[in-house]
Structures are given as C-alpha cells and as structure tokens.
Amino acid sequence: MTENKKIKNSRWAIVLSITLTPVMLYLMGLCLPKLPYSQMSMDAFWAKKIANPKKYDIIFIGDSRIYRGINPSIVSEMTNASVLNYGFSAAGLDSIIIYEAIKQLDTKGKKMVVFGISPSAFTNEAIKNEHFHSLKKINNKDLWIRKNIYPKLTYFDAYSLAEIKKHLNKEAYSQICRADGFIESNKSPADSNAAISAYEDYFKHNMISDLQQQKFIALLQILQTKGIKCYAFRVPTALPMTVLENSVFDKQHLKLKINQTGAHWFFIPQNGFKSYDGSHLNGASANKLSQIVGDSILIYH
C-alpha cells in the first residue's frame, strides 16, 4: 500500500469515526434507562436560584423541607401574587440568607416573607449555610453557563452502574426542578424512617441554640419595621421525625416569641402528609401543604 493511500484511508477512518460516534452515543442513550433526575438540570436549577434577577411578592425561606415542600405556583394562584421558593439544603435562618432573600422582594408588591421552620435551622452547624455560600462563590461566567447551557446538555447526564442497578430493582429518586425554586420530589420505594438515624446522630452532636433563635426573633422585628409582613410555620414531617425533633425543640416557646414580634405563626397540621424519607414530603403532599399555607396567607393578608 502506497503512502498516499495510507493517508487517504486514515482520513476516511477519521471522518467515519467523527460521523458515527454521535450516532452511536445517541443509540446508546436510547437503550439506557431514563434517569430519575438530571444532574445538569439540578446544577442549572441552583444557578438560576442564586442568580435570579426577578422580583416577587412572597418569598419562602428555609431548608430542603421548604424547597421540596412548597410549590410556589399553587400559592401564587391562590393569592394572586408572584412567589419564590428560596430554600437551600441544610439552611440555617441567619441574617445573611434572609437579607439575600428580601433583596428579591418587589418594593411595590405585597412584601411578604414566609419562614419554614425546621428545628435544625437553629443549630450552629446549620447557621454556617454551607450550601448557600458554596453557590454564592460561583463566578458569573460559570453561573451563566449553568443557567443557559446545562439545560441543553441533559442528554449527556452521566450514568453509573449503580443507577442502572437501581432501575432494575425499581428504585428511583425522582426530582423535578421548577423555575420558581421548587423541586417536586418522590422516592420509590418510600421509607418514612429512612432519615431518622441520621437526625438522631445530628442532634447528638448539634444542639439547638437559644442564641440563634434570639437572633432570628430580632431579625423578624427589624424586617417588620421595613414594612415586610412576616409569617412562619413548622414544616410537617413523618410522625417519628416529629417526635424526635419535639424532644429537642420547644416549638411553643418559639411560636410565642414570633407572635410577640407582630409576625404570624401559621397553624399547620402535622399529620395527613406523606414523607418519602421521614423528613421531606412527596410531591402530592407538597402540593397539599402549599394549598394550606396559601389559605393561611389569605387569612392574615
């Protein structure tokens, strides 16, 4: 074979490889099971939440129980208001995250803030707000890429043998990211005791801080002097989790202090909801909770 023919064959091999590789990847993608959620979509979701230029009438603040438990579209429809879910993983209710949230209130709107109370939000560990601060550290260029490019690349989400095994075992953790800050979450099979041991261990090493609660109450007073209406409620969980948290948290004392500031504590029933892991509500129960909270806002508005 002549040298020129070898070069020509090599070029054809390269062209064929470049042409067929996308086709092969596409066909492989069709054969693989559908992932229960897209990591690309998740990254885009958090980028949009942390760098959102829009303004809103009502903002919900809290931890993962809020961003998995409150559907703003339902509250918005009930209250005729624009609503944002400003929840972050393991969030503590400190001044930094609260002041960042109220920056997104429409100064000409209803100016309401609703706090989803989880007992762990008043521990010194939660007050670090590591998830929130890690997102704030992302530079503007990377945020733009995540917001605008990642949603177009979901087909290329990484697969693992563990994911395929879960699919074969009919296990799935579904997470649907919404533009208003809500993640509709469902897990199969559900286990309302799954998170109990982790929380038992957490509270062994992290006490609820009276000081952090006092700081939160002081913040409520300041917000109301700025004309911001403040509301709070205990986010429902599975009964075993409620019992565990009641053993380390005095809800009645916090409720009294909140009401004394002029804010309103919503009475939300702690039963009648379904949790897929004991800590977070499934999609249907999140919608149910959102309706109840929407009704409560209308009562006090």
Side-chain angles (χ1 to χ4, degrees), residues 46 49-50 58-70 84-102 112-136 181-183 185 195-196 198-223 228 230-238 241-261 263-268 270 273 275 277-281 286 289 293:
W46 290 115
K49 179 175 283 196
I50 207 70
I58 304 172
I59 296 179
F60 284 83
I61 305 175
D63 59 13
S64 56
R65 293 181 185 176
I66 280 294
Y67 73 70
R68 298 186 189 280
I70 291 294
L84 172 67
N85 187 319
Y86 203 72
F88 294 88
S89 296
L93 296 176
D94 76 337
S95 60
I96 296 176
I97 198 170
I98 291 172
Y99 281 126
E100 282 295 317
I102 65 173
M112 299 181 186
V113 175
V114 185
F115 296 96
I117 303 297
S118 298
S120 59
F122 299 109
T123 62
N124 290 327
E125 182 64 25
I127 293 298
K128 295 177 183 177
N129 276 309
E130 293 181 349
H131 180 222
F132 172 77
H133 288 298
S134 69
L135 293 169
K136 294 292 288 184
F182 171 55
I183 298 182
S185 309
I196 296 297
Y199 273 81
E200 287 176 339
D201 184 67
Y202 181 86
F203 287 122
K204 285 179 183 178
H205 300 93
N206 298 279
M207 294 181 61
I208 293 173
S209 168
D210 290 336
L211 177 60
Q212 298 302 341
Q213 292 184 71
Q214 292 167 16
K215 289 181 177 180
F216 174 67
I217 295 300
L219 279 169
L220 288 184
Q221 294 172 323
I222 293 171
L223 293 180
I228 298 172
C230 297
Y231 308 95
F233 68 97
R234 174 81 173 271
V235 184
T237 61
M241 183 66 74
T242 302
V243 172
L244 169 63
E245 293 184 333
N246 284 347
S247 69
V248 296
F249 176 63
D250 189 346
K251 183 191 77 172
Q252 293 302 324
H253 176 74
L254 182 65
K255 172 185 173 182
L256 176 64
K257 291 296 182 181
I258 288 173
N259 285 333
Q260 286 176 348
T261 70
H264 294 287
W265 179 275
F266 293 157
F267 171 77
I268 304 296
Q270 296 298 295
F273 301 94
S275 169
D277 65 352
S279 181
H280 305 98
L281 301 181
L289 174 62
V293 172

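All values reported here derive from a predicted model rather than from experimental measurement. All values below come from the heavy atoms of this structure, side chains included, with hydrogens, waters and symmetry mates left out.
Residue pairs satisfying the salt bridge (charged side-chain N to carboxylate O under 4.0 Å, His left out) criterion with at least one member in residues 201-213, sequence neighbours excluded, are absent.
Annotation: side chain to side chain donor-acceptor pair (under 3.5 Å) contacts of Ser279 (sequence neighbours excluded): Arg65, Tyr199. Scanning for side chain to side chain donor-acceptor pair (under 3.5 Å) contacts around Thr242 gives Thr237, with sequence neighbours left out. Residues forming a side-chain contact (heavy atoms from CB on, under 4.5 Å) with Val248 (at least two apart in sequence, or on another chain): Phe203, Ile208. The side chain to side chain donor-acceptor pair (under 3.5 Å) search around Asp63 returns Ser118, not counting sequence neighbours. By the ring pair (Phe, Tyr, Trp, His ring centres under 6.0 Å) test, Phe266 pairs with Tyr231, Tyr300, sequence neighbours left out. A search for side-chain contact (heavy atoms from CB on, under 4.5 Å) contacts involving Ile58 returns Phe60, Thr79, Ala81, Val83, Met112, Val114, Ile297, not counting sequence neighbours. With sequence neighbours left out, the side chain to side chain donor-acceptor pair (under 3.5 Å) criterion links Thr261 to Gln224. Residues that satisfy the side-chain contact (heavy atoms from CB on, under 4.5 Å) test with Ala90, not counting sequence neighbours, are absent from this structure. Under the ring pair (Phe, Tyr, Trp, His ring centres under 6.0 Å) criterion, Phe216 pairs with Phe115, Phe122, sequence neighbours left out. Residues that satisfy the salt bridge (charged side-chain N to carboxylate O under 4.0 Å, His left out) test with Lys251, not counting sequence neighbours, are absent from this structure.
Side chains of Lys255 and Asn259 form a contact here, defined as non-hydrogen atoms less than 4.5 Å apart.
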With a 3.5 Å cut-off and sequence neighbours excluded, list the donor-acceptor pairs that the side chains of residues 124-132 form with protein atoms.
from	atom 1	to	atom 2	distance (Å)
Asn124	OD1	Gln212	NE2	3.2
Glu125	OE1	Lys128	NZ	3.0
Asn129	OD1	Gly92	N	2.8
Asn129	ND2	Gly92	O	3.1
Asn129	ND2	Asp94	OD1	3.0
His131	ND1	Ser89	N	3.0

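Listed here is the closest heavy atom pair of Leu281 and Ala286: CB-N, 4.1 Å.
Within the 3.5 Å criterion, the main-chain N or O of Asn85 finds a donor-acceptor partner in the side chain of Lys49. Using a distance-only test at 3.5 Å, with no hydrogens or angles considered, no donor-acceptor pair links the side chain of Ser209 to the main chain of Thr123.
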